[in-house]
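When a residue number appears, it is its place in the shown sequence, counting from 1. These numbers come from the heavy atoms of this one structure, side chains and all, not from hydrogens, waters or symmetry mates.
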Amino acid sequence: MTTYEKVKACYDYLIDYCSYGSNETMYDYMDFYFSGYYSEVSAYGMLKGKIGVCSDYSNAFAMLMQAIGLDCYTVDGQTAKAGGGYTGHTWCEMNINGTIYVFDPQVEDNIAKGGEVYYYRFGKKYEEVPTKYIKE
């Protein structure tokens with residue numbers, strides 16, 4: 001697989017096999033959580049339990065990207081709501097050759113609603129998704 005195909009396969013996996021909800025699996029590892037390993041516990045809970053919130057989707061995606069050697073990290077802020085306004089949110093940024101790209105598997109999953117994925121939030125520059133994100 002090419003690097004692009006690996007990135008897309010990981011993104012697709014989260015959308016196809018995970019859903020939005022309470023990441024109950026991570027509660028089995030609260031000692032690690034409180035020891036400062038929030039991202040790791042969140043990602044593991046998402047990948048094992050296949051359910052989580054935006055930070056769980058993003059932590060899992062970032063960890064998978066880091067495992068294949070890419071510079072991916074989570075970002076906290078706000079995202080546009082479908083009905084207008086903004087809500088708190090966590091998504092990913094990836095630095096590719098000095099350019100920052102947005103990856104947001106949770107919002108993508110919400111847009112797809114179990115149907116076709118259109119990749120509206122996959123590898124987009126912020127200029128391509130204006131008004132969609134506000135960083136903290």
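- Under the 4.5 Å side-chain heavy-atom criterion for ILVMFWY residues, no single connected hydrophobic cluster contains both Met63 and Val75.
- The aromatic rings of Tyr120 and Tyr118 lie parallel to each other, with less than 30° between the two planes, well short of the 60° mark.
- The CE atom of Met1 sits 9.0 Å away from atom CD1 of Ile68, with the distance rounded to the nearest 0.5 Å.
- Annotation for Cys18 and Met46: closest pair CB-CE, 3.4 Å, computed over non-hydrogen atoms.
- Tracing side-chain contacts under 4.5 Å through hydrophobic residues (I, L, V, M, F, W, Y), one never reaches Val107 starting from Met94; they form parts of separate clusters.
- Val117 and Tyr4 fall within the same hydrophobic cluster, where Ile, Leu, Val, Met, Phe, Trp and Tyr residues are linked whenever their side-chain heavy atoms come under 4.5 Å apart, directly or through other members.
- Taking Tyr101 as the reference, nothing meets the ring pair (Phe, Tyr, Trp, His ring centres under 6.0 Å) condition, with sequence neighbours excluded.
- With Glu108 contributing its side chain and Tyr119 its backbone, the two residues share a donor-acceptor pair below 3.5 Å.
- The structure places CZ of Phe103 at 14.5 Å from OG1 of Thr74, a figure rounded to the nearest 0.5 Å.
- The salt bridge (charged side-chain N to carboxylate O under 4.0 Å, His left out) test applied to Lys124 returns no partner, not counting sequence neighbours.
- Expressed to the nearest 0.5 Å, how far OG of Ser19 lies from CD of Gln106 amounts to 11.0 Å.
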(message) Show, in sequence, the C-alpha distance, side-chain angles and deciding distance for Val7 and Met65, and conclude whether the side-chain contact (heavy atoms from CB on, under 4.5 Å) test is met.
(response) CA-CA 7 Å; Val7 171; Met65 295 302 94; 3.6 Å; yes
Show me the side-chain donor-acceptor pairs of residues 78-91 shorter than 3.5 Å, one per line, residues at least two apart or across chains.
residue, atom, partner, partner atom, Å
Thr79, OG1, Lys132, O, 2.9
Tyr86, OH, Thr131, O, 2.6
His89, NE2, Asp104, OD1, 3.2
His89, NE2, Asp104, OD2, 2.7
Thr90, OG1, Asp76, OD1, 2.7
Trp91, NE1, Tyr126, OH, 2.9

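- Sorted by first and then second residue, the pairs that involve residues 46-56 and meet side-chain hydrogen bond (donor to acceptor under 3.5 Å, both in side chains), not counting sequence neighbours, are Tyr13-Lys50, Asn23-Asp56, Tyr38-Ser55, Ser42-Asp56.
- Here Ile15 contributes atom CD1 and Glu116 contributes atom CD; the two are 12.0 Å apart, rounded to the nearest 0.5 Å.
- For the atom pair Ile51 CD1 and Thr25 OG1, the distance stands at 8.5 Å (nearest 0.5 Å).
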(message) Test side-chain contact (heavy atoms from CB on, under 4.5 Å) on Tyr11 and Lys6; report intermediate values, then the result.
(response) CA-CA 9 Å; Tyr11 195 80; Lys6 290 176 187 177; over 6 Å; no
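- Under the 4.5 Å side-chain contact rule for hydrophobic residues, Leu14 and Phe122 share a cluster.
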(message) I'd like to know whether Tyr57 forms a side-chain contact (heavy atoms from CB on, under 4.5 Å) with Cys92, so could you lay out the CA-CA distance, the side-chain angles of the two residues, the decisive distance to 0.1 Å, and finally the verdict.
(response) CA-CA 9 Å; Tyr57 275 85; Cys92 288; over 6 Å; no
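- The salt bridge (charged side-chain N to carboxylate O under 4.0 Å, His left out) test applied to Lys135 returns Glu93, not counting sequence neighbours.
- The same ILVMFWY cluster, assembled from side-chain heavy atoms under 4.5 Å apart, contains both Leu47 and Phe61.
- Looking at residues two or more places apart in sequence or on another chain, you find no side chain to side chain donor-acceptor pair (under 3.5 Å) involving Glu40.
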(request) Check step by step if side-chain hydrogen bond (donor to acceptor under 3.5 Å, both in side chains) holds for Asn110 and Tyr20. (result) CA-CA 8 Å; Asn110 189 47; Tyr20 190 87; over 6 Å; no
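- Atom CD of Gln66 sits about 8.0 Å away from atom CG of Asp71, to the nearest 0.5 Å.
- When every heavy atom of Gly123 is checked against every heavy atom of Glu128, the shortest pair comes out as O-OE1, 4.2 Å.
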